[in-house]
*Asks:* 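To start, I am sharing the structure in question, which I have written as structure tokens.
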Protein chains: 2
Amino acid sequence: MHPEFETYLRRSDLSEEAVRKISDLAVARKLRRNELLLSAGEICRHKVFVVSGLLHTFNISAGGTQHILQFAPENSWTLDVESYDRQIPSQVSIGAVEPSTILCWQKKDFDMLLAEVPQLKKFAEGLIARNIHYSRKRILISLSATPEEKYEDFIQTFPDYLARLPLRMIAAYLGISIKTLTRIRHAQLQR
Amino acid sequence: MHPEFETYLRRSDLSEEAVRKISDLAVARKLRRNELLLSAGEICRHKVFVVSGLLHTFNISAGGTQHILQFAPENSWTLDVESYDRQIPSQVSIGAVEPSTILCWQKKDFDMLLAEVPQLKKFAEGLIARNIHYSRKRILISLSATPEEKYEDFIQTFPDYLARLPLRMIAAYLGISIKTLTRIRHAQLQR
DNA sequence: TGAAATTATGGTCAGCTGACCATCTTTAGC
DNA sequence: GCTAAAGATGGTCAGCTGACCATAATTTCA
């Protein structure tokens with residue numbers, strides 16, 4: 001039904017039965033470039049898996065500046081976790097950076113799957129742990145690193161994003177201005 | 001055995017049997033002011049509950065500047081999550097800001113409790129969700145807020161910390177210099 | 001393919017921020 | 001209670017950073 005997703009799940013040691021059960025409840029959807037999956041103010045009602053393409057979770061501040069909380073490339077998950085968990089309006093938007101294909105589960109269906117498929121529960125816990133570890137790292141970097149160190153860490157951590165994202169989005173993710181990012185890159189060229 | 005902790009657990013609807021089972025495996029410990037519970041480089045081997053006092057999780061960067069990831073007041077939990085989960089050396093230290101009393105569980109004991117006490121598992125999941133929501137908020141603020149907005153948000157979110165913490169620690173938590181924090185406070189006095 | 005939009009870079013400048021140092025106040029701990 | 005340490009504030013200054021504007025290159029999509 002959703003072959004790429006099923007391959008992804010099987011790699012994580014889920015049984016064929018579990019894979020089928022999960023996959024059967026997913027609904028596929030395509031997003032055009034710049035199309036929004038979730039707008040700030042709406043309630044996030046779906047768990048989302050990215051089959052192909054690239055999404056980003058962002059917020060536009062009062063002055064109109066964009067700030068990016070997360071990128072979600074193929075074979076990753078995304079949603080606004082607070083809005084999804086509590087079913088309250090989201091503070092952020094989720095949109096497609098590239099044309100993308102995604103799978104969506106209704107919250108009630110996914111909750112049911114988590115309750116009935118222990119392997120999925122275990123798998124989800126692993127994702128959550130990774131998420132927590134990475135958030136900690138990001139907070140520590142935002143506290144301690146210079147703009148140049150932030151950029152260096154970014155291209156080390158996500159080597160392929162440099163070619164897929166406009167620089168202004170990298171700046172919006174790092175919390176520095178595009179001008180500062182350009183200056184860093186210019187300085188690095190001199191070396 | 002540990003009355004304050006047991007009261008805390010009971011408030012979260014854990015059965016008396018569960019409370020007893022969890023409490024029985026805890027070992028109490030006292031920390032003097034500035035005493036370290038975990039030093040960077042060590043492996044975090046315990047789950048820790050703060051009965052009284054105040055701990056902080058921090059990192060000292062190359063230049064000698066302190067950066068604070070988290071405060072843990074009475075009735076909260078703390079540990080270095082990545083070091084604990086993977087049993088690898090920690091990048092951060094945990095120390096007592098105030099003289100404190102804590103409870104410690106060995107990782108293997110707590111893992112056993114999580115497996116055998118479903119109510120505890122559920123409870124822990126709630127804590128994890130709160131942690132994730134707050135981390136997201138903190139990342140968004142670090143990306144988008146001015147130093148003054150960060151300070152305002154801090155005293156809104158943690159009203160009582162202002163009286164318990166030296167300002168330099170608040171600055172170290174917000175990722176701004178003590179000088180900038182002083183300037184903000186000075187400016188606010190003028191109004 | 002071609003026109004419009006987006007993107008990247010550079011110049012300039014104001015001003016915020018942090019580093020360093022000194023002073024005064026408060027707190028800790030014996 | 002007393003002494004030493006820690007903390008908070010202020011002055012000064014260099015320089016990093018972002019805002020604004022212009023230009024050139026690239027990409028999108030009709």
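Convention: sequence-line order gives letters A, B, ...; per-chain numbering from 1.
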*Asks:* Can you tell me which residue pairs pass the salt bridge (Lys or Arg N to Asp or Glu O under 4.0 Å) test with a partner in residues 112-122 of chain B, sequence neighbours excluded?
*Replies:* E125(A)-K121(B), K21(B)-E116(B)
*Asks:* Please give the angle, rounded to 10 degrees, between the axes at the start and the end of the helix from dT1(C)-dA30(D) to dC30(C)-dG1(D), where five pairs define each axis.
*Replies:* 80°
*Asks:* Going by the rule side chain to side chain donor-acceptor pair (under 3.5 Å), which residues pair with Y8(A) if we only count those two or more places apart in sequence or in a different chain?
*Replies:* W77(A)
*Asks:* Under the side chain to side chain contact (heavy atoms under 4.5 Å, CB included) test, which residues partner R185(B), sequence neighbours left out?
*Replies:* Y151(B), L162(B), L167(B), L181(B)
*Asks:* Got a sec, which residues hit salt bridge (Lys or Arg N to Asp or Glu O under 4.0 Å) with R20(A), two or more places apart in sequence or on another chain?
*Replies:* E6(A), D24(A)
*Asks:* Heavy atoms of chain B, cut-off under 4.0 Å: which first and last nucleotide of DNA chain D, 5' to 3', fall inside that, if you could look?
*Replies:* dG7(D) to dT12(D)
*Asks:* Looking at residues at least two apart in the chain, or sitting in another chain, which of them share a side chain to side chain donor-acceptor pair (under 3.5 Å) with T182(B)?
*Replies:* none
*Asks:* Taking side chain to side chain donor-acceptor pair (under 3.5 Å) as the test, write out the residues that go with N59(B), two or more places apart.
*Replies:* none
*Asks:* Parallel, tilted or perpendicular: which describes the rings of F154(B) and F71(B), with under 30° parallel and over 60° perpendicular?
*Replies:* perpendicular
*Asks:* Would you mind listing every salt bridge (Lys or Arg N to Asp or Glu O under 4.0 Å) that reaches into residues 138-152 of chain A, with sequence neighbours excluded?
*Replies:* E148(A)-R191(A)
*Asks:* More 5' along DNA chain C: T65(B) or N34(B), using each one's nearest nucleotide?
*Replies:* T65(B)
*Asks:* Between the protein and nucleotides 6-9 of chain C, list every N/O to N/O distance that falls short of 3.5 Å.
*Replies:*
from: dT7(C); atom 1: OP1; to: R168(A); atom 2: NH2; distance (Å): 3.1
from: dT7(C); atom 1: OP2; to: R168(A); atom 2: NE; distance (Å): 2.8
from: dT7(C); atom 1: OP2; to: R168(A); atom 2: NH2; distance (Å): 3.2
from: dA8(C); atom 1: OP1; to: L167(A); atom 2: N; distance (Å): 2.8
from: dA8(C); atom 1: OP2; to: L167(A); atom 2: N; distance (Å): 3.1
from: dA8(C); atom 1: OP2; to: R168(A); atom 2: N; distance (Å): 3.4

*Asks:* Under the side chain to side chain donor-acceptor pair (under 3.5 Å) rule, collect the residues that match up with K30(B), sequence neighbours excluded.
*Replies:* T101(B)
*Asks:* I need the full list of salt bridge (Lys or Arg N to Asp or Glu O under 4.0 Å) pairs touching residues 69-79 of chain A, with sequence neighbours left out, sorted by first then second residue.
*Replies:* E74(A)-R164(A)
